Amino acid sequence: MEPYRFCPRCGAALEHLPMSGRLRHACVQDGCGFVHWDNPLPVLAAVVEYEGKLLLARNAAWPEKMFALVTGFMERDESPELGVARELKEETNLDTVSASLIGVYEFMRKNELIIAYHVRAEGEIRLSEELAEYRLVAPENMRIWNAGTGFAVADFLERRGLPVRFFDRATGLDIPDPRRPTDFSLVAASLQYGIDQK
């Protein structure tokens with residue numbers, strides 16, 4: 001999403017000011033005080049277990065061989081568990097039997113925070129207009145994309161003692177596990193004004 005250029009409250013041009021350890025787009029008009037914090041959006045993702053297999057779906061706007069998890073934005077006044085069940089029902093017609101948290105993952109490229117659940121589902125699959133097709137894959141045969149929701153699939157498989165195989169989407173070749181170790185020294189670096197603060 002492009003940053004705001006003008007204040008949505010008063011219409012004045014926003015300025016790039018240091019606030020809370022980063023540069024922010026802020027309004028300097030007297031009495032306004034608007035700040036565009038540009039916080040990540042919460043996205044819900046479902047590692048759907050259906051009839052012993054994992055369900056992957058292809059968005060109608062995606063290339064033919066690109067499949068991923070069922071995802072969607074969390075809505076106001078719903079819990080993540082109810083939100084992931086709603087998204088699954090809207091996009092596949094499947095009913096959620098259970099939903100358990102796998103983890104929370106960054107997706108910085110789209111400024112999103114992914115909240116991923118293992119969802120056991122039942123019912124008859126009927127795709128919404130958003131989805132072009134689906135695949136059911138045996139968990140032990142999964143090859144995982146190396147970003148965003150792919151890390152949730154990896155954690156899901158690893159916790160069950162199943163093989164974790166990542167692949168590069170550009171080449172299709174298997175790659176080493178790209179999950180990063182926790183490095184909290186990056187926190188200090190991100191608070192410096194010169195790092196990615198356009």
Side-chain angles (χ1 to χ4, degrees), residues 1-4 8 36-160 162 164-167 169-170 172 178-179:
M1 176 200 251
E2 288 294 315
Y4 286 115
H36 181 213
W37 296 102
D38 199 22
N39 294 327
L41 293 169
V43 172
L44 303 169
V47 176
V48 179
E49 188 176 353
Y50 175 75
E51 296 182 351
K53 296 189 176 177
L54 301 183
L55 182 143
L56 299 177
R58 182 172 71 83
N59 188 293
W62 293 352
E64 281 192 20
K65 294 184 179 181
M66 186 173 174
F67 288 79
L69 303 182
V70 172
T71 61
F73 291 106
M74 197 164 114
E75 294 187 0
R76 180 187 295 273
D77 298 327
E78 75 180 356
S79 69
E81 294 84 0
L82 291 178
V84 78
R86 173 191 50 76
E87 279 294 333
L88 184 63
K89 185 67 174 177
E90 287 175 0
E91 295 191 13
T92 68
N93 187 52
L94 291 177
D95 296 311
T96 295
V97 175
S98 66
S100 55
L101 182 67
I102 297 171
V104 179
Y105 305 86
E106 55 83 7
F107 195 37
M108 290 184 212
R109 184 173 60 82
K110 293 184 74 177
N111 195 27
E112 296 172 350
L113 186 69
I114 299 167
I115 307 168
Y117 283 86
H118 167 217
V119 176
R120 286 193 170 94
E122 63 184 16
E124 180 185 348
I125 298 174
R126 288 196 309 269
L127 300 180
S128 74
E129 64 281 353
E130 284 184 44
L131 301 180
E133 59 182 315
Y134 72 92
R135 287 188 180 159
L136 295 174
V137 180
E140 62 273 14
N141 295 334
M142 282 290 296
R143 291 181 73 226
I144 308 161
W145 50 101
N146 60 339
T149 57
F151 298 130
V153 176
D155 287 348
F156 170 82
L157 294 174
E158 190 171 65
R159 290 174 193 161
R160 283 155 183 77
L162 295 168
V164 174
R165 293 176 47 221
F166 282 93
F167 73 97
R169 286 180 16 195
R179 289 176 288 178

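A quick note: this is a predicted structure, and the numbers were derived from the prediction, not measured.
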### Message
Could you report the tightest heavy-atom contact between L157 and P139, atom names first, then the distance?
### Response
CD2-O, 3.6 Å
### Query
Is there side-chain contact between L41 and N111, with heavy atoms separated by less than 4.5 Å?
no
### Query
L55 versus I125: any side-chain heavy-atom pair under 4.5 Å?
yes
### Query
Where do E81 and V84 come nearest, in terms of heavy atoms and distance?
O-CG1, 3.3 Å
### Summary
Between the CD atom in E91 and the CG atom in L127, the distance rounded to the nearest 0.5 Å is 9.0 Å
### Task
Would you mind reporting whether L69 and L56 have side-chain heavy atoms less than 4.5 Å apart?
yes
#### Entry: Nearest atoms (heavy-atom pairs only) where F166 meets G150
CE2-O, 4.3 Å
### M66 backbone acceptor or donor facing R169 side chain under 3.5 Å
no
### Query
CZ/R165 to CZ/R143 distance, rounded to the nearest 0.5 angstrom?
5.5 Å
### Message
Measuring only between side-chain heavy atoms, which start at C-beta, is F156 closer than 4.5 Å to L54?
### Response
yes
### Query
Side chains of E130 and E90: does their closest heavy-atom pair fall under 4.5 Å?
no
### Query
Under a 4.5 Å cut-off applied to non-hydrogen side-chain atoms, are F107 and P40 in contact?
no
### Task
Check the surroundings of atom CZ in R159: do more than 12 heavy atoms from other residues, nucleotides or ligands lie under 6.0 Å from it?
yes
#### Entry: Other residues, nucleotides, ligands: >12 heavy atoms within 6.0 Å of E64 CD
no
### Query
How long is the span from the CG atom in L113 to the CE atom in M108, to the nearest 0.5 Å?
10.0 Å
#### Entry: Inter-residue atom distance L44.CG - T149.OG1, 0.5 Å rounding
12.5 Å
### Task
Spell out, as yes or no, whether a donor-acceptor pair under 3.5 Å connects the side chain of S79 to the backbone of L82.
yes
## Note on the structure
Nearest heavy-atom contact between V48 and A121 is CG1-CB, 3.9 Å
### Task
Considering non-hydrogen atoms only, spot the tightest contact between T71 and A45 and give its length.
CG2-CB, 3.7 Å
### Summary
To the nearest 0.5 Å, atom CZ of R126 lies from atom NZ of K89 at 7.0 Å
### Message
Here's a test for you: under side chain to side chain donor-acceptor pair (under 3.5 Å), which of R179, H118, R160 qualifies with D155?
### Response
R179
### Query
Would a distance-only check, ignoring hydrogens and angles, find a side-chain to backbone donor-acceptor pair under 3.5 Å from Y4 to D38?
no
### Task
Quick one: do Y134 and T92 satisfy side chain to side chain contact (heavy atoms under 4.5 Å, CB included)? Show the steps, please.
CA-CA 9 Å; Y134 72 92; T92 68; over 6 Å; no
### Expected output: side-chain E112 to main-chain I114 donor-acceptor under 3.5 Å
no
### Taking every non-hydrogen atom, the tightest pair across Y117 and I102
C-CD1, 3.6 Å
### Task
Determine whether V153 and W145 make a side-chain contact, defined as any pair of heavy atoms from C-beta on separated by less than 4.5 Å.
yes
